[in-house]
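Position 1 is the first residue of the sequence, and the numbers go up from there.
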Amino acid sequence: MAEVLLKDIVKIYPYVDKKPKKSIIDKLLKRNKPVEPVKKTNLQITDRGVVAVQQFNLEIKDGEFIVLVGPSGCGKSTTLRMVAGLEDITEGELYIDGRLCNAIEPKDRDIAMVFQSYALYPHMTIFDNMAYPLKFVKVEEKQEDGSVKYRHLTKEEVQTKVLEAAELLNITDYLERKPKNLSGGQRQRVAIGRAIVRNPKVLLMDEPLSNLDAKLRNQMRTEIIKLRQKINTTFIYVTHDQIEAMTLGDRIVIMKDGFIQQVGTPQEVFQHPRNLFVSGFIGNPQMNYFDAKLTKNGDDYEIVCKNGYTVKPCEEKQNRLKANNIPEQNIILGVRPDHINLVDEGIEGVVSVSELMGSSSHLHATINGKDIIAIIQNEGIYKNYVGMNLKFGFTGNVVHMFSIDNEYNLEYIEEYKPVVYKK
């Protein structure tokens, strides 16, 4: 196992001067109209190039399971590849087990990586695929004169390590087969086995389950959790699936546009999102949003929705708002679907879709021109609410208040520090 420290990491992809080739259609039509360049609005573009990762700071503890999660293009895979040594670091410092690794070759970092594609050698057996990385492993032996010599592993040592990894992943029966004779889930186990057979200090996993169907993904998530309990190593896992992030990680790093949005345990990021993006990205179905106003009634805060429905934040939230000295203002009010109930006096909405999800129903309703989702428990009896006018309500301990100006959570606004990119 090893600690991993990423300090002020920046990754910039420089511009490549290439003249765009004219297509055959353009030549035939002889088009002379100016073509507007395609702009990447989600990444910062500077005079040095496109900034894919910006001011990334993270300390990963020894043996911790860290999950990098975010939408496509947010910089999570680029960050993982910089840890692996497959991408150069433009600025900042990377430490693995206390050693500065910016200029260290990937093979010398004592890490292993599992890719999205299985990347198995099709002409080799499963045993040979898993044993291949061990060809490059050297062990030191002290001589009688006190000197140290390095040697390769013996065939018996290689066989022992492969069998141990195969038994761990329950693929011992497949060692004599070729990859083409295995299912997707079995191939992914082989890819993981090939990575752990060297007992690396850090195990990197880049969306390893995205090529599997839903049933296999659930199964492999369970296998990874069991694997983590059996081997002593530090995990860095990349995914765009927030369900994987919530079930696997000790801590989750949520990214957007190259920046870290929030770092915390699954419970922290779910219950206390630091901004509007995190609140919408974590949670399925995603959080509902209402136009509302934060007002003061004496010393306490109140939230007034458009139709006059008023809710008072709980004492814990009151204290945070008071500590931040938050003034009265219009806000974006967030409430998760499973925190919305059917009430006698509440916000009226028309149900357009009623989805039966077993013990609960997902009601899609329109309130003040906005679509919301409420999760209602069926209590053994399913009722179709489509077309009905219902009243929805919620309590003050489940509300999230976001600034309209900067989308920060008003309870934690003191934690934000401006991030300025240095050109």
Side-chain angles (χ1 to χ4, degrees), residues 1-6 58-70 76-77 79-81 83-84 96-97 109-120 126 129-130 133-134 160-172 174 183-212 214-255 263-270 282:
M1 295 188 293
E3 294 182 353
V4 179
L5 175 63
L6 297 99
L58 181 66
E59 183 177 352
I60 303 173
K61 299 175 183 177
D62 194 12
E64 191 174 17
F65 198 124
I66 285 287
V67 179
L68 306 182
V69 66
K76 56 187 184 296
S77 290
T79 303
L80 192 77
R81 291 173 62 84
V83 175
I96 299 177
D97 202 18
R109 297 189 181 193
D110 198 7
I111 61 173
M113 189 166 181
V114 180
F115 297 91
Q116 180 177 352
S117 59
Y118 314 123
L120 302 177
I126 299 307
N129 266 282
M130 293 178 63
L134 297 176
T160 299
K161 287 181 176 292
V162 171
L163 287 175
E164 286 177 353
E167 288 176 5
L168 199 63
L169 296 164
N170 198 23
I171 54 175
T172 307
Y174 312 135
S183 67
Q186 291 166 346
R187 293 181 194 181
Q188 194 58 272
R189 289 184 188 179
V190 175
I192 294 173
R194 183 181 56 185
I196 68 174
V197 74
R198 291 194 299 107
N199 192 26
K201 289 181 178 179
V202 184
L203 180 57
L204 311 177
M205 308 182 85
D206 189 6
E207 301 194 35
L209 309 184
S210 59
N211 289 338
L212 306 179
K215 184 177 180 180
L216 271 178
R217 277 203 301 271
N218 293 335
Q219 181 182 345
M220 285 303 300
R221 277 205 304 268
T222 304
E223 295 294 334
I224 291 174
I225 293 173
K226 291 179 180 177
L227 176 67
R228 188 271 172 94
Q229 296 169 350
K230 294 176 182 177
I231 64 174
N232 294 321
T233 191
T234 303
F235 284 78
I236 306 178
Y237 189 101
V238 162
T239 182
H240 63 274
D241 187 338
Q242 54 101 7
I243 296 178
E244 286 182 24
M246 295 289 285
T247 54
L248 292 175
D250 294 331
R251 284 191 299 157
I252 301 174
V253 181
I254 304 169
M255 297 183 65
V263 180
T265 65
Q267 183 179 5
E268 287 172 349
V269 298
F270 182 81
I282 297 296

Undergrad: To the nearest 0.5 Å, how far apart are OG in Ser210 and CZ in Phe115?
TA: 13.0 Å

Undergrad: Would Met246 and Val269 satisfy side-chain contact (heavy atoms from CB on, under 4.5 Å), going step by step from the backbone distance to the final call?
TA: CA-CA 9 Å; Met246 295 289 285; Val269 298; 4.3 Å; yes

Undergrad: Without swapping roles, check the side chain of Arg228 against the backbone of Gly63 for a donor-acceptor pair under 3.5 Å.
TA: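 Yes.
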
Undergrad: Under 3.5 Å, side-chain donor or acceptor atoms of residues 190-206 against the rest of the protein: list the pairs with distances, not counting sequence neighbours.
TA:
unit_1 : atom_1 : unit_2 : atom_2 : d
Arg194 : NH1    : Ala119 : O      : 2.7
Arg194 : NH2    : Tyr118 : O      : 3.1
Arg194 : NH2    : Ala119 : O      : 3.2
Arg198 : NH2    : Ile111 : O      : 2.4
Lys201 : NZ     : Asp97  : OD2    : 2.9
Asp206 : OD1    : Ser77  : OG     : 3.1

Undergrad: With a 4.5 Å heavy-atom cut-off, do Leu169 and Glu223 have their side chains touching?
TA: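 Leu169 vs Glu223: side chains apart.
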
Undergrad: Are the side chain of Glu244 and the backbone of Asp241 linked by a donor-acceptor contact shorter than 3.5 Å?
TA: no

Undergrad: Counting only N and O atoms by type, is there a donor-acceptor contact under 3.5 Å from the side chain of Gln219 to the main-chain atoms of Leu216?
TA: no

Undergrad: Below 4.5 Å, heavy atoms only, C-beta onward: do Ile66 and Leu68 meet side chain to side chain?
TA: yes

Undergrad: Give me the atom names and distance for the closest heavy-atom approach of Gln188 to Val114.
TA: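 Scanning both residues, the minimum pair turns out to be OE1-CG1, 3.5 Å.
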
Undergrad: Answer whether the closest heavy-atom distance between the side chains of Met113 and Leu80 falls below 4.5 Å.
TA: yes

Undergrad: Indicate the atoms forming the closest heavy-atom contact of Arg221 with Leu248, along with that distance.
TA: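 The answer is O-CD2, 3.7 Å.
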
Undergrad: Rounded at 0.5 Å granularity, tell me how far CD1 in Ile96 sits from CZ in Arg109.
TA: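 These two atoms lie 5.5 Å from each other.
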
Undergrad: State, to 0.1 Å, how close Glu64 and Lys61 come at their nearest heavy-atom pair, and which atoms those are.
TA: OE1-N, 2.9 Å

Undergrad: Is it true that a side-chain atom of Thr234 and a backbone atom of Ala2 form a donor plus acceptor pair closer than 3.5 Å?
TA: yes

Undergrad: Which pair of non-hydrogen atoms, one from Met130 and one from Ala166, has the smallest distance, and what is that distance?
TA: CE-N, 3.9 Å

Undergrad: Can you tell me how far the CD1 atom of Ile252 sits from the CZ atom of Phe270, to the nearest 0.5 Å?
TA: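 Ile252 atom CD1 to Phe270 atom CZ measures 11.0 Å (nearest 0.5 Å).
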
Undergrad: Which pair of non-hydrogen atoms, one from Val69 and one from His240, has the smallest distance, and what is that distance?
TA: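 Minimum heavy-atom contact is CG2-C, 4.2 Å.
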
Undergrad: For Leu5 and Ile60, run side-chain contact (heavy atoms from CB on, under 4.5 Å): C-alpha distance rounded to whole Å, both residues' side-chain angles, the deciding distance at 0.1 Å, then the answer.
TA: CA-CA 6 Å; Leu5 175 63; Ile60 303 173; over 6 Å; no

Undergrad: About how many Å separate OG1 of Thr79 and CE of Met255, when rounded to the nearest 0.5 Å?
TA: 4.0 Å

Undergrad: To the closest 0.5 Å, what do you measure between NZ (Lys76) and CD1 (Ile236)?
TA: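 Lys76 atom NZ to Ile236 atom CD1 measures 15.0 Å (nearest 0.5 Å).
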
Undergrad: For Leu212 and Arg217, which heavy atoms make the closest approach, and how far apart are they?
TA: O-NH1, 2.7 Å

Undergrad: By ring pair (Phe, Tyr, Trp, His ring centres under 6.0 Å), which residues pair with Phe235, not counting sequence neighbours?
TA: Phe65

Undergrad: Going from CG on Asn170 to CG on Leu227, what distance comes out if it is rounded to the nearest 0.5 angstrom?
TA: 12.5 Å

